[in-house]
Asks: 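I have a structure I would like to understand better, so I am pasting it below and will then ask my questions one at a time.
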Amino acid sequence: MITIITLGTNLGAKKRDDGRAFDELRPLKIEAGVLERADGSAYLEFGGNKVLVAVYGPRESHIRRFQRPDRAYIKCRYNMAPFSVDDRKRPGPDRRSIEISKITAEALQPAIILEKFPRSVIDIYIEVLEAEGGTRCAGITAASVALADAGVPMKDMVVACAAGKVNDEVVLDLSEAEDKDGQADVPVAILPRSGEITLLQSDGNLTPDEFEKALDLAVKGCMEISDIQKEALKNRYGE
Amino acid sequence: MITIITLGTNLGAKKRDDGRAFDELRPLKIEAGVLERADGSAYLEFGGNKVLVAVYGPRESHIRRFQRPDRAYIKCRYNMAPFSVDDRKRPGPDRRSIEISKITAEALQPAIILEKFPRSVIDIYIEVLEAEGGTRCAGITAASVALADAGVPMKDMVVACAAGKVNDEVVLDLSEAEDKDGQADVPVAILPRSGEITLLQSDGNLTPDEFEKALDLAVKGCMEISDIQKEALKNRYGE
Amino acid sequence: MITIITLGTNLGAKKRDDGRAFDELRPLKIEAGVLERADGSAYLEFGGNKVLVAVYGPRESHIRRFQRPDRAYIKCRYNMAPFSVDDRKRPGPDRRSIEISKITAEALQPAIILEKFPRSVIDIYIEVLEAEGGTRCAGITAASVALADAGVPMKDMVVACAAGKVNDEVVLDLSEAEDKDGQADVPVAILPRSGEITLLQSDGNLTPDEFEKALDLAVKGCMEISDIQKEALKNRYGE
Amino acid sequence: MNVIPEITRKSITNLINNMERADGRALDEYREISVETGVISKAEGSARVKIGNTQILVGTKPQIGTPFEDTPNVGVLMTNSELLPMAAPNFEPGPPDERSVELARVADRCVRESEMVDLEKLCIIEGKKVWMVFIDLHILDYDGNLFDAAVLGIVAALLDTKIPQATVEDDEIIINREIMEPLPIRDKALMNTFVKIGDQIVLDPNLEEEEILSARLSIGITASGKICAMQKGGDDPFTKEEIMKAVKIAEGKTKDLMKYLENPTTP
Amino acid sequence: MNVIPEITRKSITNLINNMERADGRALDEYREISVETGVISKAEGSARVKIGNTQILVGTKPQIGTPFEDTPNVGVLMTNSELLPMAAPNFEPGPPDERSVELARVADRCVRESEMVDLEKLCIIEGKKVWMVFIDLHILDYDGNLFDAAVLGIVAALLDTKIPQATVEDDEIIINREIMEPLPIRDKALMNTFVKIGDQIVLDPNLEEEEILSARLSIGITASGKICAMQKGGDDPFTKEEIMKAVKIAEGKTKDLMKYLENPTTP
Amino acid sequence: MNVIPEITRKSITNLINNMERADGRALDEYREISVETGVISKAEGSARVKIGNTQILVGTKPQIGTPFEDTPNVGVLMTNSELLPMAAPNFEPGPPDERSVELARVADRCVRESEMVDLEKLCIIEGKKVWMVFIDLHILDYDGNLFDAAVLGIVAALLDTKIPQATVEDDEIIINREIMEPLPIRDKALMNTFVKIGDQIVLDPNLEEEEILSARLSIGITASGKICAMQKGGDDPFTKEEIMKAVKIAEGKTKDLMKYLENPTTP
């Protein structure tokens with residue numbers, strides 16, 4: 001298990017409410033292989049977020065709806081524990097988790113070599129055990145590590161991070177408080193080798209210039225997190 | 001598209017709240033072939049009612065419950081849009097729509113040559129976009145036009161109309177206000193060629209004589225509407 | 001149909017609120033073969049409880065989840081009628097009825113010769129028409145009679161009865177009032193020939209000695225009820 | 001879906017075309033009927049009805065609830081039906097299917113439109129609190145003609161129903177279960193169901209007859225002779241003459257059926 | 001899952017790689033668009049929108065409800081969408097699936113984040129009662145690009161919406177349906193959807209194009225030029241350049257689209 | 001349904017008949033146990049429990065709610081359980097199935113009947129407002145014996161739970177999150193689960209053992225030595241002697257288990 005606190009580069013600049021620099025990530029730690037039964041798993045803490053991911057598969061699917069003749073099908077379930085938020089969340093999927101499950105599958109898919117496993121399914125189960133802003137990105141980042149831990153062949157390891165606008169400033173990795181009071185949130189996932197973007201949402205108000213700045217900042221954050229993903233795997237499997 | 005205002009025959013008689021004679025229909029217009037994707041479709045306005053019907057099939061059914069070895073299976077879904085009524089209706093089927101879906105399928109079935117399409121299903125989707133009394137009859141009338149538009153082979157074109165009792169008078173085609181304050185409502189569907197009755201309900205209080213009068217009046221209304229159905233098809237396909 | 005009032009053996013002892021001795025059952029009557037369509041059925045009244053049980057099968061199952069290659073599958077549904085309790089119960093399964101259905105199937109299963117009917121299912125439908133304490137035991141007892149009435153081959157006829165602790169005394173067969181105010185309830189089902197226990201729950205507070213006493217008392221109650229089960233079948237089928 | 005062998009279908013149809021039935025009944029004759037009331041002590045009203053081997057248990061439960069906005073001074077009857085999986089080999093557990101929904105809605109309309117219960121007397125505080133009487137149909141054994149059995153059972157159960165006295169003091173409702181009062185009854189209605197088999201109209205179909213019917217017509221008639229409900233079913237049409245003939249028969253049969261409500265058995 | 005023949009896929013892709021489209025449009029050109037408002041009299045606001053053969057009906061219904069605890073003085077917009085089984089041969093009846101949920105949520109965010117409606121003015125009694133405006137998307141005919149049609153329809157319906165005057169007297173809310181007031185509108189936003197096919201970025205995909213897209217990007221832009229929503233979909237990634245190019249095009253196209261809101265047809 | 005090969009079944013059974021287990025444990029020995037509390041900052045109480053490779057996370061959330069009508073001055077514990085699909089290859093997403101319902105109900109009864117929490121002290125306004133403590137079992141990794149892990153986790157989480165001070169002034173409830181108070185704890189109970197394999201009774205079954213068990217018995221015992229819950233499962237019966245032997249062992253084992261509650265790890 002490794003922990004890193006990114007110090008950021010504009011140390012002299014104005015700080016945020018939690019003391020971070022505008023381009024500074026929250027403390028992050030990732031551990032691979034934390035569950036016994038799952039084929040692959042990962043545990044991630046990112047600021048106050050705690051996320052656990054299990055991967056099963058590639059395995060045979062007996063449901064026709066989830067079979068593709070030429071490739072594997074990615075099934076993703078993003079779920080929040082009832083006790084993960086201030087007011088207890090009722091168990092079971094809601095509209096928010098249905099949408100996040102869908103875009104998480106789409107974000108991870110471009111990295112996975114699906115053609116190797118026709119008619120099979122890869123199940124990705126993301127459990128948010130505690131939520132403090134940025135859980136969808138945390139889930140994607142952890143899921144990549146769990147996929148690698150499960151031995152699923154991938155071209156690259158998808159990594160996700162958000163940038164946004166708070167107090168008229170473009171900042172990296174919004175905390176829960178910043179997300180709530182902020183002006184915009186832009187979650188991004190990338191394939192770090194090519195820099196291509198596999199998840200992109202924007203929620204709030206941004207000029208096109210601000211949007212570009214946020215996108216660039218999020219990509220930069222992704223690259224930093226990517227190193228920690230790799231460390232987590234090295235930590236488990238050696239170099 | 002054609003519009004008709006039936007003037008009724010007892011013009012000298014006492015009028016109803018909306019000025020109609022006792023045996024007078026509300027203004028009616030029907031248009032066939034209004035949707036691109038559906039195999040057949042029809043749009044109907046009848047007084048304040050607005051109803052859209054789409055037909056898919058006959059097509060293969062992959063659900064065994066809907067397969068008959070010797071004939072096609074009629075599946076009907078009557079649905080009200082949430083904004084079609086004064087107080088927003090929650091989306092999804094309720095007990096009323098389940099019953100109407102069932103009797104609508106039974107009302108239409110006798111006209112359709114089912115034996116031609118064993119193991120297949122014909123889907124009829126009735127959407128009430130705006131409701132102002134008499135939507136089940138409007139749905140059946142429009143569905144017949146949509147079935148014809150889809151090229152489903154039929155012996156006849158089912159048509160529906162209600163009669164009822166308001167202020168102790170037997171009247172044709174109750175409006176929403178009349179239905180609410182009225183004493184009885186008798187929706188009827190017929191095969192116009194034979195005059196046989198494929199839908200019959202009665203809700204309220206009628207002496208047997210009044211019932212017979214209402215039934216006769218409803219059949220008369222059906223015959224008038226039948227002409228408009230045919231016009232709608234002529235309008236689309238020529239003579 | 002036969003009715004029996006067990007008089008109990010400690011007649012001189014302190015009585016309970018309803019006048020019964022500590023080891024006395026409520027009046028019980030069982031009738032076999034009360035329904036036309038079911039393969040087997042039984043009706044039971046036990047104190048204020050009224051329970052009706054129908055059995056269908058062994059019959060072919062078309063649901064793979066309920067098929068076992070080497071034996072029959074027992075499906076049990078315990079259900080309370082909406083009008084069976086003081087405050088109307090919403091129709092449909094709740095958590096309590098799901099648990100009781102599961103343990104009822106497990107309680108009955110050891111008696112049934114399942115290997116005779118591979119891939120088939122035996123459906124047991126228990127309807128509580130009126131509830132007055134002890135319905136799960138009443139359901140099991142009646143279900144055995146219905147299984148016998150259906151001709152399902154069995155090694156023995158499972159029978160159930162509860163004991164418990166009320167006012168610091170270990171007593172047999174708690175009524176609704178006793179269950180509510182009591183300190184513990186121990187429902188037990190047995191195979192009467194071997195005395196082996198196929199259902200056992202305990203809810204409340206008992207010392208190990210009290211528990212053993214309650215268990216013995218419940219087994220004793222089961223043996224008495226077992227005779228009435230057999231009478232019900234004799235009554236229907238002769239000796 | 002139950003499938004009846006073609007040979008059975010033909011033999012039943014031929015019999016009926018000759019004005020006979022397999023169980024010896026006349027075409028316009030009911031099977032044996034029994035009505036018991038007061039069968040469930042915890043229900044405020046209950047009835048067990050048998051028509052032939054068809055068996056239905058009906059229980060009523062009054063609850064205090066809020067009236068509908070457009071009828072603020074009127075109590076509510078709520079009818080639910082469960083085609084229990086115990087009642088027939090092909091009934092499945094689960095939420096009510098379309099047959100069950102139709103049964104409950106048609107029976108509900110028949111009773112409501114007959115104005116049997118004076119619902120205005122079930123108002124406790126106008127616009128705020130009224131009695132809602134839940135009527136639950138528990139179908140125990142299914143051998144055809146659920147409509148007539150359901151309405152007979154509901155009417156018997158409503159006649160059996162007692163509701164606790166509810167008085168209002170200082171905007172509080174006081175429920176006194178010591179004083180149980182019968183429902184305010186004004187009229188009664190029962191239902192007669194006919195099916196078309198071959199060339200004939202046949203009353204009270206049993207299961208075998210239901211499985212080969214081409215059309216079905218249920219007619220609700222009040223004690224005062226009014227038609228209060230009607231529902232056609234089935235895949236084939238009726239002629240007007242067939243409908244009016246059924247109405248005629250139903251007028252007489254309803255009077256006969258009403259007698260079963262007069263002295264119901266009590267357990 | 002719709003399967004498009006490999007040969008069609010190739011021919012569409014080849015055309016687009018040559019900067020052409022099967023229906024003759026330019027890569028950054030919308031299909032024919034029509035907007036009608038006031039089409040449902042019983043809805044407080046309504047709009048029927050067509051983009052090519054895609055057809056959506058949107059209706060709004062204001063109701064009085066309780067505000068969320070963390071925003072006690074703010075009204076609520078609730079967007080629901082039904083991909084009606086009538087709209088496409090492979091849509092099934094039932095609760096909204098993930099496509100339908102995504103559509104409703106993205107459209108909702110686009111409208112909410114544009115701050116089009118001044119929700120604070122929809123507060124009636126702080127912390128207790130606010131207007132909740134239900135927006136229902138009824139998808140009638142599906143020929144691609146539901147996102148842009150949905151947002152166009154919602155915005156047109158909101159501009160058409162009138163809510164009754166609500167005043168507070170002695171802690172009671174008095175609703176006066178004689179006085180209907182338009183919603184408090186501040187800004188407007190519309191959405192532009194691009195898809196990647198072959199090497200190109202293409203605006204307003206029709207159904208055939210949607211079925212072969214490798215990636216999708218929807219961009220919501222306000223009249224005042226702000227990006228208020230964005231949603232990527234599809235199985236393949238975008239490069240940053242592709243995204244910024246789409247943003248550029250969207251800025252211009254939004255202004256064109258806004259014109260359809262100015263003089264909507266009324267039936 | 002998991003299927004275990006016949007040969008594995010036989011080898012495990014033979015070992016157990018010889019008083020041995022595949023993992024070297026004695027028949028009445030638990031696997032390694034760990035208890036961590038305070039693991040979820042947003043939960044008012046939480047615990048992560050491992051028994052061998054079985055891993056459960058329990059979180060508690062107090063909410064103010066209405067008491068049940070028949071217990072107007074008593075707070076409420078609500079136990080829910082989710083057998084997460086992450087925990088085993090054959091667990092499916094969806095509403096709790098019968099195993100999950102049984103687990104939650106048995107664990108709930110064990111804790112409730114032990115009278116561990118003084119629920120009367122959770123009453124805020126009699127008949128109107130009480131604390132409802134939601135206990136959510138999140139099953140993360142399933143290697144057998146969920147019952148014992150669940151009860152251990154719930155008890156640890158309840159011991160860890162702090163609820164905000166709630167005072168009543170002028171019929172208003174004031175919640176002060178600055179002052180967090182522990183739950184009023186009176187007793188404690190833990191559960192011991194035995195299974196019958198071959199001729200023996202075995203404590204704390206792992207997954208492989210669970211899959212070949214013929215019968216299961218879970219016994220809840222309080223710190224004060226009372227039996228507060230019992231639940232038999234499985235397809236085969238127990239003799240009375242087997243049951244009383246299990247009770248005997250459980251009395252001793254409960255005392256050992258209680259030690260894990262004394263110094264739980266905190267992260």
Side-chain angles (χ1 to χ4, degrees), chain A residues 64-69 71 73-74 76 86-87 93-103 105-112 114 155-156 158 165 180 183-191 194-212 214-216 218-219, chain E residues 1 3 6 68-71 78-81 92 95-106 108-110 112-115 187 189 196 214-222 224-244 246-251:
Chain A
R64 203 193 273 183
R65 197 155 49 96
F66 301 137
Q67 288 176 357
R68 297 291 174 272
R71 57 190 174 88
Y73 184 85
I74 304 291
C76 181
D86 284 326
D87 291 322
D94 55 14
R95 286 158 46 114
R96 179 176 171 277
S97 70
I98 290 170
E99 185 196 352
I100 294 179
S101 296
K102 178 178 189 288
I103 60 171
E106 289 172 337
L108 293 166
Q109 194 153 287
I112 303 171
L114 300 167
K155 291 167 234 168
D156 199 351
V158 174
K165 187 174 158 191
K180 222 179 149 187
Q183 294 145 297
D185 185 32
V186 182
V188 174
I190 65 167
L191 294 162
S194 66
E196 288 174 304
I197 289 148
T198 70
L199 172 117
L200 175 61
Q201 295 184 297
S202 181
D203 191 10
N205 267 297
L206 293 170
T207 65
D209 281 352
E210 287 169 339
F211 167 73
E212 186 168 7
L215 178 55
D216 288 341
V219 169
Chain E
M1 181 185 49
V3 178
E6 193 49 33
F68 294 116
E69 266 186 43
D70 48 350
T71 52
M78 303 277 281
T79 306
N80 288 288
S81 126
E92 297 287 342
D97 71 352
E98 57 171 31
R99 285 175 308 175
S100 186
V101 166
E102 186 186 28
L103 174 64
R105 283 179 56 85
V106 170
D108 178 70
R109 286 202 291 267
C110 183
R112 195 161 30 75
E113 295 297 334
S114 73
E115 297 174 343
D187 197 349
K196 186 167 173 179
S214 63
R216 191 194 69 220
L217 185 65
S218 299
I219 304 170
I221 296 188
T222 64
S224 47
K226 294 273 184 78
I227 295 172
C228 58
M230 207 176 275
Q231 182 91 344
K232 184 206 166 288
D235 292 352
D236 280 356
F238 281 112
T239 63
K240 186 194 153 185
E241 291 65 42
E242 290 166 338
I243 290 164
M244 294 315 298
V247 168
K248 195 96 216 150
I249 300 172
E251 291 185 77

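Here is how names work: the chains are called A, B, and so on, in the same order as the sequence lines, proteins then strands, and each is numbered from 1. Model, not experiment: these values are computed from the prediction.
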Asks: Pick from A:Arg96, A:Glu212, A:Arg65, A:Glu99: which one has the most heavy-atom pairs with chain E under 4.5 Å?
Replies: A:Glu99

Asks: Taking atom CG of E:Asp187 and atom CG of A:Asn205, what is their separation to the nearest 0.5 Å?
Replies: 8.0 Å

Asks: Please identify, among A:Leu114, A:Leu199, A:Leu200, the residue contributing the most non-hydrogen atom pairs under 4.5 Å to chain E.
Replies: A:Leu200

Asks: Heavy-atom cut-off 4.5 Å, strictly under: side chain, backbone, both or neither for E:Thr222 against chain A?
Replies: side chain

Asks: Which atoms of E:Ile219 are under 4.5 Å from chain A, going by heavy atoms: the side chain, the backbone, both sets, or neither?
Replies: neither

Asks: Could you tell me which of E:Pro96, E:Ala104, E:Ser114, E:Cys228 has the largest number of non-hydrogen atom pairs under 4.5 Å with chain A?
Replies: E:Cys228

Asks: If you tally heavy-atom pairs under 4.5 Å against chain E, which of A:Thr207, A:Thr198, A:Asp203 wins?
Replies: A:Asp203

Asks: Between A:Leu206, A:Leu215, A:Val219, A:Ile103, which has the largest tally of heavy atom pairs under 4.5 Å with chain E?
Replies: A:Leu206

Asks: In terms of heavy-atom proximity below 4.5 Å to chain A, should E:Asp108 be classed as side chain, backbone, both, or neither?
Replies: neither

Asks: Output the distance between atom CG (A:Asp216) and atom CE (E:Met244), rounded to the nearest 0.5 Å.
Replies: 8.5 Å

Asks: Between E:Arg105, E:Arg112, E:Glu102, which shows the greatest number of heavy-atom pairs under 4.5 Å with chain A?
Replies: E:Arg105

Asks: Not counting sequence neighbours, which residues clear side chain to side chain contact (heavy atoms under 4.5 Å, CB included) with E:Asp70? List them please.
Replies: A:Lys180, E:Phe68

Asks: Given heavy-atom pairs under 4.5 angstrom as the criterion, report whether the side chain, backbone, both or neither of E:Glu115 touches chain A.
Replies: side chain

Asks: Near E:Glu69 CD, under 6.0 Å, is it more than 12 heavy atoms from other residues, nucleotides or ligands?
Replies: no

Asks: Going by the side chain to side chain contact (heavy atoms under 4.5 Å, CB included) test, name the single residue among E:Lys226, E:Glu251, E:Lys248 that passes it with A:Pro208.
Replies: E:Glu251

Asks: Kindly compute the distance separating CD1 (E:Ile243) from CD (A:Glu196), expressed to the nearest 0.5 Å.
Replies: 10.0 Å

Asks: Roughly how far apart are A:Arg95 CZ and E:Ser81 OG, rounded to 0.5 Å?
Replies: 8.0 Å

Asks: Does the side chain of A:Pro110 come within less than 4.5 Å of E:Asp235's, by heavy atoms?
Replies: no

Asks: Are side-chain N/O atoms of E:Glu113 and A:Gln183 paired as donor and acceptor at under 3.5 Å?
Replies: no

Asks: Is it the side chain or the backbone of E:Ile221 that comes within 4.5 Å of chain A heavy atoms, both, or neither?
Replies: neither

Asks: With rounding to the nearest 0.5 Å, note down the distance linking CD in E:Glu98 to NZ in A:Lys102.
Replies: 5.5 Å

Asks: How many angstroms lie between atom CG of A:Asp209 and atom CD1 of E:Ile227, to the nearest 0.5 angstrom?
Replies: 9.0 Å

